[in-house]
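Have a look at the structure below before the remarks.
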Amino acid sequence: AQSVSQHNHHVILSEAASLELGCNYSYGGTVNLFWYVQYPGQHLQLLLKYFSGDPLVKGIKGFEAEFIKSKFSFNLRKPSVQWSDTAEYFCAVILYNQGGKLIFGQGTELSVKP
Amino acid sequence: SQTIHQWPATLVQPVGSPLSLECTVEGTSNPNLYWYRQAAGRGLQLLFYSVGIGQISSEVPQNLSASRPQDRQFILSSKKLLLSDSGFYLCASRGASGTYEQYFGPGTRLTVT
């Protein structure tokens, strides 16, 4: 069955530290991948997405993610985090043959200390 | 862009009572609609999705049901709530125009007592 796995459940960093959140998927077909973010008290919103082309995709607020097909991975990175990046981050893969539903990972809670 | 409305924002219901959560969508037509439940440490679990009026696909067996009476309206229901139905319910929409990301509503926090 298709699945998405996020290895880090809770990450605590100081401001200016670099961030990398792991995401691995299990799906044999063509994949399109997403990272969503949920800031405290706010809607879940799209951070970035990969559809095709350059495997290094850039999103909002300085985030980027790299799609590595051979590793079935789509890790999220940011060179220098800010306190305002404190949020929960979700990786997801879309299944086109099933109504375009998203399969989400368990989520990673990021806490950035000022 | 799309806007997803959900109500109520919070709900406290006793075990055995009925449930009706509503989701409406603005800014698109003929969207695919989704109900997710979010539990701490478990991510988002897809409960139902709909590709059109009256068309509902259920992802997991459960005490809940969904209906889509209008193009941009999606309802999550239960005849008798269980304690295990407590959670945070999110409605999402994907436009049929080819953009594949989903837009999420603000969610409903349901507590079954």
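These values consider heavy atoms only, across backbone and side chains, with no hydrogens, waters or symmetry-generated copies.
For B:Q38, the part sitting under 4.5 Å from any heavy atom of chain A is the side chain, from C-beta outward, and nothing else. Using a 4.5 Å cut-off between heavy atoms, B:L46 touches chain A through its side chain atoms alone. Residue B:F88 touches chain A through its side chain alone, counting heavy-atom pairs closer than 4.5 Å. Neither the backbone nor the side chain of A:Q6 has a heavy atom closer than 4.5 Å to any heavy atom of chain B. When heavy atoms are compared at a cutoff of 4.5 Å, A:I94 approaches chain B solely by way of its side chain, counted from C-beta outward. Contacts between A:L102 and chain B at a heavy-atom distance below 4.5 Å involve backbone atoms as well as side-chain atoms.
Under the 4.5 Å side-chain contact rule for hydrophobic residues, A:L21 and A:V112 share a cluster. If you chain together hydrophobic residues whose side chains sit under 4.5 Å apart, A:L19 and A:Y39 fall into the same group. A single hydrophobic cluster is not seen to contain both B:I75 and B:V60; linkage of ILVMFWY side chains at heavy-atom distances under 4.5 Å, directly or through other members, places them apart. Under the 4.5 Å side-chain heavy-atom criterion for grouping Ile, Leu, Val, Met, Phe, Trp and Tyr, A:I60 is connected to A:L33 within one hydrophobic cluster. Taking hydrophobic clusters as Ile, Leu, Val, Met, Phe, Trp and Tyr residues chained together by side-chain heavy-atom distances below 4.5 Å, B:L64 shares a cluster with B:V15.
Here B:N32 contributes atom CG and A:K101 contributes atom NZ; the two are 12.5 Å apart, rounded to the nearest 0.5 Å. B:F104 contributes atom CZ, which lies 5.0 Å from atom OH of A:Y36 (distance to the nearest 0.5 angstrom). Of the inter-residue distances, the one linking A:F104 atom CZ with B:Q102 atom CD reads 6.0 Å to the nearest 0.5 angstrom.
Ranked by non-hydrogen atom pairs under 4.5 Å with chain B, the options A:V4, A:T108, A:N32, A:L44 are led by A:L44. Among B:A92, B:S50, B:G107, B:G105, the residue with the largest count of heavy-atom pairs under 4.5 Å with chain A is B:G105.
In B:W7, the CH2 atom is crowded: over 12 heavy atoms of neighbouring residues, nucleotides or ligands sit closer than 6.0 Å.
Residues B:P106 and A:H43 approach most closely at CB-NE2, 3.3 Å, considering heavy atoms.
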